[in-house]
Amino acid sequence: MVWHIGGVRLDSRFFLGTAGYPSPAVLQQAIAASGAQVVTVGLKRQLEHGQAQGGAPGDFYSLIRASGAHLLPNTAGCRTAREAVTLAHMARELFGTHWIKLEVVGDDHTLQPDPFELVPAAAELVREGFEVFPYCTDDLVTCQRLLDAGCRILMPWGAPIGSGQGLLNPWALRTLRERLPDVPLVVDAGIGSPAHAVQAMELGFDAVLLNSAVAQAHDPVAMAHAFRQGLEAGRLAWEAGVMAPQAMARASTPVTGRPFLL
């Protein structure tokens, strides 16, 4: 399953979020069980949490680094391009990475990305040397505009963040894969079960990013392992070639002549 994204060689196609786990120890165990080599951290929320607790979130970041995974800071909670760009620079200075998961939310109810803020933010960050992983919808035109802005990776949603609804529009995701065959595509948000991850991989997506489905499970460590197996199975199925659905029944054994050679 070796592949490359953002100039980095990976063996895993599982990107894991780090928010909402019962304890740091469970998070650490879940990362190990998942086999994930990329983990995301919401810088804004972690800074706010640290201020609320009267301290800095340095210990949390040390835990993430100890996992050996590549860190993908994100701009979750930002509402404008300017706010997201400022936070991206803070993340680069703090973590020493030019990777940034760019999130600019436009709606409180769905947490849907705002394309009118997302695209200019992406263009500015690309000019400033960032490898931008933009969190976007499954809209093809928006995705094309992000590529025009210099993005080399896209992270379209499957469903609203944290909803666990799975892939609400497989047709749109399939269209993205067909129209953008050479672009690394990572389904981000809305995944609720390993079955959803398998479906994304069978559509030909390169990876899946999720958080809540593992963090909110009764046993996050076991669920992380389940997703790991599902992603591997889905990718193998894509590479093997999933059979096309048929409108009518088709016998799998001959109905005329000899069924076996004698």
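All of these numbers come straight from a predicted model, not from anything done at the bench.
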With rounding to the nearest 0.5 angstrom, report the [atom1] to [atom2] distance, [X] to [Y].
X      : Y      : atom1 : atom2 : answer
Asp188 : Phe205 : CG    : CZ    : 11.5 Å
Lys101 : Leu71  : NZ    : CG    : 12.5 Å
Leu16  : Phe227 : CG    : CZ    : 9.5 Å
Arg13  : Arg235 : CZ    : CZ    : 3.5 Å
Asp114 : Thr142 : CG    : OG1   : 10.0 Å
Leu180 : Cys143 : CG    : SG    : 6.5 Å

Within the 4.5 Å heavy-atom criterion, are [X] and [Y] side-chain neighbours or not?
X      : Y      : result
Val141 : Pro115 : no
Val183 : Arg152 : no
Phe15  : Ile5   : yes
Val105 : Ile161 : no
Leu102 : Phe130 : no
Ile153 : Glu131 : yes
Leu176 : Leu140 : yes
His196 : Leu210 : no

Looking only at heavy atoms, what is the nearest atom pair of [X] and [Y], with distance?
X      : Y      : answer
Gly158 : Val187 : N-CG1, 4.1 Å
Ala121 : Ala81  : CB-CB, 3.7 Å
Thr40  : Thr18  : O-OG1, 2.7 Å
Val198 : Gly230 : CG2-O, 3.3 Å
Gly42  : Asn74  : CA-OD1, 3.2 Å
Ala217 : Met223 : CB-CB, 3.7 Å

Does any N or O in the side chain of [X] come within less than 3.5 Å of the main-chain N or O of [Y], such that one atom is a donor and the other an acceptor?
X      : Y      : result
Gln246 : Ala244 : yes
Trp238 : Ala233 : no
Asp206 : Leu185 : yes
Asp107 : Gln112 : no
Glu117 : Gly106 : no
Arg177 : Gly204 : yes
Gln37  : Ser12  : yes

Evaluate side-chain contact (heavy atoms from CB on, under 4.5 Å) for Leu167 paired with Leu203, printing each intermediate quantity in order. CA-CA 11 Å; Leu167 308 187; Leu203 288 174; 3.9 Å; yes

State plainly whether one hydrophobic cluster holds both [X] and [Y], where clusters connect Ile, Leu, Val, Met, Phe, Trp and Tyr through side-chain heavy atoms under 4.5 angstrom apart.
X      : Y      : result
Leu236 : Val242 : no
Val186 : Leu168 : no
Phe116 : Leu146 : no

For Tyr21, run the side chain to side chain contact (heavy atoms under 4.5 Å, CB included) check against Ile31, Val214, Val221 and tell me which one passes. Val214

Which of parallel (below 30°), tilted (30 to 60°) and perpendicular (above 60°) describes Phe133 and Trp99? tilted

Is it true that Asp108 and Arg79 have a side-chain N and a carboxylate O under 4.0 angstrom from each other? yes

Any Lys/Arg nitrogen of Arg82 or Glu124 sitting under 4.0 Å from an Asp/Glu carboxylate oxygen of the other? yes

Between Leu125 and Val85, does the side-chain contact (heavy atoms from CB on, under 4.5 Å) criterion hold? Intermediate values first, please. CA-CA 7 Å; Leu125 290 172; Val85 167; 4.1 Å; yes

